[in-house]
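When a ligand or atom number is given, it counts from 1 through the structure's own listing order. Positions are given from 1 along the sequence.
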Amino acid sequence: MPKNKTQYESEQVAGNGLLHRRLFLSGGMALVGAGFLGVKQAQAANPTDFPDWMRVEGSSAGEYGLRSSHESDVVRLVNPRQGAVAIASGSRTPLERLEGMITPNALHFERHHSGIPDINPDQHRLMLHGMVQRPLSFSMDALHRYPMETRTHFIECSGNSRALNAANPVQGTAGSLHGLLSCTEWTGIPLAILLDEAGLDPSASWLLAEGADAAAMSRSIPLDKALDDALLVLYQNGEAIRPSNGYPLRLLVPGYEGNANVKWLRRLKVTDAPTMTRDETSKYTDLLADGTSRMFSLNLESKSVITSPSGGQQMNGPGLYQISGLAWSGHGRITKVEVSADGGLSWAEAALSGPVHSKSLTRFRLPWRWNGNESILMSRATDETGFIQPTRQQIFAKWGTRFGYHTNSIQCWGISGTGEVNNVYI
Ligand SMILES: Nc1nc2c(c(=O)[nH]1)N[C@H]1C(S)=C(S)[C@@H](COP(=O)(O)O)O[C@H]1N2
Ligand SMILES: [Mo]
């Protein structure tokens with residue numbers, strides 16, 4: 001390990017040009033050689049060279065903000081229209097166009113089994129019944145009086161990244177391949193408070209959560225999880241949760257597969273067994289090699305993806321780059337992300353951008369000097385349980401090749417000699 005600043009600056013820490021993660025912090029970029037991101041040295045500027053927009057008054061303040069018109073191409077990738085539109089309805093977050101760990105509300109991915117209901121919060125009620133001493137019904141006004149907590153968590157559809165199961169690499173962007181994934185600062189009521197108020201039957205062990213959409217989508221949640229860290233979410237990044245993400249009330253089960261986070265929540269029924277709903281029997285289960293099915297695999301495992309450079313992008317000539325990406329785990333905090341630039345022959349530890357929250361997206365970054373040759377970039381996440389993100393081969397060896405959910409294998413980005421970035425298998 002390097003001991004002083006000068007060593008960080010010059011040291012290549014893994015094969016094919018990966019540099020020490022502290023390089024940017026130590027301010028040693030100049031020593032690494034010419035060409036950061038291939039950008040030419042900025043030209044000397046004249047302080048009285050005023051741009052046009054400094055010569056006229058700007059526009060006025062507005063009631064609800066809009067982004068720059070120059071950023072209007074940063075959009076979700078909406079599922080192509082199919083026969084049953086609402087049933088197939090969904091959209092993906094453009095991961096490669098965002099930085100940090102928070103997903104702006106307008107770019108949160110969406111998955112709707114029967115479209116987005118238009119719910120009047122004054123008429124919406126949450127029922128809590130089943131194996132409880134006091135069945136309860138809450139208006140939204142009543143819920144807003146309960147103690148709340150604010151926490152940062154990701155939601156990922158367990159069908160995310162399914163493209164990596166295909167026999168041949170599917171070409172696409174980080175967002176099109178992995179964008180059923182978003183991360184939010186959620187605010188809501190710990191579910192344990194309401195369960196305590198209702199009074200749980202001692203033999204209760206599960207919970208049925210049902211949405212107020214036309215699908216009445218429902219899932220069974222183990223009571224232990226509900227009492228541990230489940231939230232009834234009212235706010236998304238500080239404002240009321242958006243209709244597409246569950247307005248006015250959603251269940252958040254941190255680290256569980258997306259489907260279990262029931263939107264437009266209208267009913268919680270306490271039970272002593274899973275209800276075996278459609279989405280936990282015919283869907284969101286994994287067919288194993290022996291023909292049996294893996295069910296209730298609710299917690300998502302360590303995973304990561306490099307978002308820059310990533311699929312569909314074009315390198316701007318050899319030189320210094322900052323590799324940037326996202327890592328996450330449904331089991332807790334990310335403790336380590338390693339990056340390879342030589343297809344997994346050697347690995348360097350990336351810097352994690354703090355604070356690192358539990359069951360949240362974590363941004364990682366690592367400097368890389370690309371020599372212009374063909375390269376294969378990979379990232380590998382480890383979480384606080386010590387679980388290491390597997391390769392495609394390792395996943396197939398463990399679960400067979402017939403499963404369709406919960407893919408968390410390592411994404412490999414191949415960089416050609418001309419700088420094109422593609423999805424590749426090794
Ligand atoms: N009521 C209801 N809840 C739902 C769904 C739904 O269609 N109806 N879709 C589920 C699925 S499959 C996923 S992946 C997540 C997606 O959450 P998002 O649309 O807020 O990203 O919501 C889940 N909760
Ligand atoms: Mo999903």
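In terms of protein heavy-atom proximity, atom 17 (O) of ligand 1 is nearest to Arg250 NH2, 2.9 Å. Asn259 CA, 3.6 Å is the protein heavy atom nearest to atom 11 (C) of ligand 1. For atom 5 (C) of ligand 1, the nearest non-hydrogen atom of the protein is Met217 SD, 3.4 Å. Closest protein heavy atom to atom 9 (N) of ligand 1: Arg111 O, 3.2 Å. Looking only at protein heavy atoms, the nearest one to atom 3 (N) of ligand 1 is Lys263 N, 2.9 Å.
Contact between Tyr247 and Ile241 at its shortest, heavy atoms only, is CD1-O, 3.1 Å. Looking at every heavy atom in both residues, Arg21 comes nearest to Pro367 through CA-CD, 3.9 Å.
Every atom of ligand 1 is numbered from 1 in the order shown, and the set under 4.0 Å from a heavy atom of His112 is 7 (O). Within the listing of ligand 1, atoms 22 (O), 23 (C), 24 (N) sit less than 4.0 angstrom from a heavy atom of Asn261. Those atoms of ligand 1 with a heavy atom of Gly258 less than 4.0 angstrom away are 13 (C), 14 (S), 15 (C), 22 (O), 23 (C). Within the listing of ligand 1, atoms 19 (O), 21 (O) sit less than 4.0 angstrom from a heavy atom of Glu110. Counting atoms of ligand 1 from 1 in the listed order, those under 4.0 Å from a heavy atom of Gly211 are 1 (N). Taking every heavy atom of Tyr284 and a limit of under 4.0 angstrom, the matching atoms of ligand 1 come to 12 (S).
Between Cys157 and ligand 1, a contact under 3.5 Å exists for no N or O pair. Where the criterion is an N or O separation shorter than 3.5 Å, residue side chain and backbone included, Asn245 meets it with respect to ligand 1. Backbone and side-chain nitrogen or oxygen atoms of Ser114 are examined, and none is located within less than 3.5 angstrom of a nitrogen or oxygen of ligand 1.
Counting heavy atoms closer than 4.0 Å to ligand 1, residue Asp213 contributes side-chain atoms (C-beta onward) but none from N, CA, C or O. At a heavy-atom cutoff of 4.0 Å, ligand 1 is contacted by the backbone of Ser244 but not by its side chain. Contacts with ligand 1 closer than 4.0 Å are made by heavy atoms of both the backbone and the side chain of Phe109. Contacts between His108 and ligand 1, counted as non-hydrogen atom pairs separated by less than 4.0 Å, involve the side chain only.
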Any chance you could lay out the salt bridge (Lys or Arg N to Asp or Glu O under 4.0 Å) test for Lys359 and Asp229, step after step, and finish with the verdict? CA-CA 11 Å; Lys359 306 168 189 175; Asp229 64 353; 2.9 Å; yes
Salt bridge (Lys or Arg N to Asp or Glu O under 4.0 Å) evaluation trace for Glu156 with Lys303: CA-CA 11 Å; Glu156 181 186 24; Lys303 190 166 171 182; 2.6 Å; yes
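A perpendicular orientation is assigned to the rings of His144 and Tyr235, their planes being inclined by more than 60° (bins at 30° and 60°). Ring pair His178/Trp413 is perpendicular by interplanar angle, where above 60° counts as perpendicular and below 30° as parallel. Note on ring orientation: taking the six-membered ring where Trp is involved, the planes of Tyr321 and Trp370 are perpendicular (angle over 60°, cut-offs 30° and 60°).
Trp399 and Tyr405 have their aromatic ring centers separated by at least 6.0 angstrom.
Here Ser60 pairs with nothing under the side-chain hydrogen bond (donor to acceptor under 3.5 Å, both in side chains) rule; sequence neighbours left out.
For the atom pair Phe109 CZ and Thr93 OG1, the distance stands at 7.0 Å (nearest 0.5 Å). Leu249 CG to Leu265 CG: the interatomic distance, rounded to the nearest 0.5 Å, is 5.0 Å.
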